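The block underneath contains the structure these notes are about, expressed in structure tokens.
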Amino acid sequence: MKQINVGIIGTGWCGGIRAETCAANPFVKNLYLAENRPERLAEVAKATGAKIATTDYRELLKIDEIDAYYISATPETLHYPMARECLLAGKHVFLEKPIAMELHEADELIAIARKNNLKFTIGYSQRFNPKFAYVKKCVTDGTLGKPVSALVSRHIGRSLGKKITGRTRLSPAAMEATHDLDFILWCLEPARPVRVYSTVNYGAMKAASGADVPDTQYITVTMDSGVSFVVCAGWSLPPAYPNFSMTWIEFVGTEGALIVDDTHRDTMLTTVQKGIVHPMSSMPGEFVEHAYAGPMKAETIHFLEAAALDRPVLVTAEQARQVMEVYIAADISAERGEPVTLPLPESRPAATAAGAGR
């Protein structure tokens, strides 16, 4: 069996899951870690038995024997420069979303990966959620007939929303709806998006932070096939289980309709101290003793096997670039108050949550 050496850049919440998953996988020969918080670096290095752990990711780039990198660093502005360095070094790259901040940056990364024949994929973990995979199957195998419309509504708790908006100025479209935009666009392939209309709504997030941060964002996308779909994304649910996420999906076709409840109401823990919470409800999932609840472990292993066995990746960088174009268009639409036609100019920078609604 071929083994590869893996580098993890950023070992926070998601990077820690990636690191522990890789450390337990037989395809990994040695694990190398980079994290700018020494205490977290030491914690993950001890848990994974990493060969080298450093606070400077560029030290890992000097190690030629590393075959592939998982980039889980924040803030998101680091994604493009880090991925570029890794790809230019001839290494396979798994990059957490978003792929970049601007379309021309995404295009450059895609071109480098193509030129060097490298695996390059983006972390859209919900494709590995069995419920989402079932929707994809029903759409593509004809169970639902010809697609007519779709709706996805996703909400996360405001504690996680504050954490995300505290490190970036990206909107709900770019940071939350992005998963569901990817999912619906994946289901509707080969149709392509041609028009986007979006609005933002203000409330608790703006009141608490004093910043121009919306609570929710609604996005309507029209495809060249005539199908339209709506994605609602919000990050201001009242406090509940840590990193709580709830999703509702409706997919309607000419021969059937599929309704998916992924709101995690199936598991409820009630205690005197904390009241009612919903464990195992975060988007990436979490370790539960010997098991793992959620899609991120499967996603991590998928890229590992793609790099080790020269298999195709499920999420292509080109698909991630298309998602990016749609959420940029959504932010522009929310700012202007009018629909936006695709494609966008490649050099157009992403509109931010700060500009939305003005």
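Predicted, not measured: the structure shown is a model, and the values here were computed from it.
- With respect to the salt-bridge test (charged N to carboxylate O, under 4.0 angstrom), the residues D67 and K91 do not qualify.
- L87 is connected to L78 through a chain of hydrophobic side-chain contacts under 4.5 Å among Ile, Leu, Val, Met, Phe, Trp and Tyr, so both are in one cluster.
- To the nearest 0.5 Å, atom CD of residue E85 and atom CD1 of residue I112 are 10.5 Å apart.
- Residues meeting the side chain to side chain contact (heavy atoms under 4.5 Å, CB included) test with R114, sequence neighbours left out: I110, E318.
- Nearest heavy atom pair, residue M223 against residue A191, reads CE-O, 3.4 Å.
- A donor-acceptor contact closer than 3.5 angstrom links the side chains of Y80 and E108.
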Steps toward side-chain contact (heavy atoms from CB on, under 4.5 Å) verdict (Y134, T143): CA-CA 11 Å; Y134 182 71; T143 297; 5.9 Å; no
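- With hydrogens and angles ignored, the 3.5 Å screen pairs no side-chain donor or acceptor of E250 with any backbone N or O of V152.
- In this structure, R154 and S245 approach most closely via the heavy-atom pair NH1-OG, 3.4 Å.
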Under the criterion side-chain hydrogen bond (donor to acceptor under 3.5 Å, both in side chains), I'd like the reasoning laid out for E96 against S72: C-alpha separation, chi angles, the key distance, then a yes or no. CA-CA 6 Å; E96 306 287 0; S72 299; 2.7 Å; yes
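- Across all non-hydrogen atoms, the minimal contact from L33 to L60 is C-CD1, 3.8 Å.
- Atom NZ of K136 has more than 12 neighbouring heavy atoms from other residues, nucleotides or ligands inside a 6.0 Å radius.
- Under the 3.5 Å distance criterion, the side-chain polar atoms of S333 are left unmatched by any main-chain donor or acceptor of V340.
- Closest approach of D215 to S236, counting heavy atoms only: OD2-OG, 3.0 Å.
- When atom types are taken as modelled, the side chain of Y202 and the backbone of V213 share no donor-acceptor pair closer than 3.5 angstrom.
- A salt bridge is absent between R336 and D331: the closest approach of a Lys/Arg side-chain nitrogen to an acidic carboxylate oxygen does not fall below 4.0 angstrom.
- In the displayed structure, D141 atom CG is contacted under 6.0 Å by more than 12 heavy atoms of other residues, nucleotides or ligands.
- Taking NZ from K51 and CG from N5, the interatomic distance works out to 7.0 Å, rounded to the nearest 0.5 Å.
- In this structure, the side chain of E105 engages the main chain of M101 through a donor-acceptor pair within 3.5 Å.
- The aromatic ring centres of Y69 and H92 sit 6.0 Å or more apart.
- Atoms CD1 and CZ, on I9 and R18 in that order, are 13.5 Å from each other to the nearest 0.5 Å.
- Residue R40 places its CZ atom among more than 12 non-hydrogen atoms of other residues, nucleotides or ligands, all under 6.0 Å distant.
- Put simply, the side chain of R192 never gets that close to the backbone of D224: no donor and acceptor are under 3.5 Å apart.
- Of all heavy-atom pairs between M283 and Q126, the closest is O-NE2, 3.4 Å.
- Side chains of Y124 and T178: a donor on one and an acceptor on the other come within 3.5 Å.
- One distance of note links CG of L151 with OG of S153; it measures 6.5 Å at 0.5 Å rounding.
- Proximity of a side-chain donor or acceptor of Q217 to a complementary backbone N or O of A173 within less than 3.5 Å is detected.
- H278 places no side-chain N or O within 3.5 Å of a backbone atom of Y241 that could act as its donor or acceptor partner.
- Summarising the geometry of V6 relative to I66, their closest heavy-atom pair is C-CG2, 4.2 Å, with the distance given to 0.1 Å.
- Distance CZ/F251 to CD1/I184: 5.0 Å, rounded to 0.5 Å.
- Looking only at distances, a side-chain donor or acceptor of Q319 sits under 3.5 Å from a matching main-chain atom of T316.
- In this structure, OH on Y327 lies 11.0 Å from CG on D182, to the nearest 0.5 angstrom.
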Worked check of side-chain hydrogen bond (donor to acceptor under 3.5 Å, both in side chains) between E59 and T54: CA-CA 7 Å; E59 292 299 314; T54 176; 5.7 Å; no
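- Checked against K131 for a salt bridge (charged side-chain N to carboxylate O under 4.0 Å, His left out), the options D266, D261, D262 give a single hit: D262.
- Placement of I4 and F303 within a single hydrophobic cluster is found when ILVMFWY residues are connected by side-chain heavy-atom separations under 4.5 Å, directly or transitively.
- With hydrogens and angles disregarded, no donor-acceptor distance shorter than 3.5 Å links the side chain of E289 to the backbone of A291.
- Looking at W235, its side chain does come within 3.5 Å of a backbone N or O of P214 through a donor-acceptor pair.
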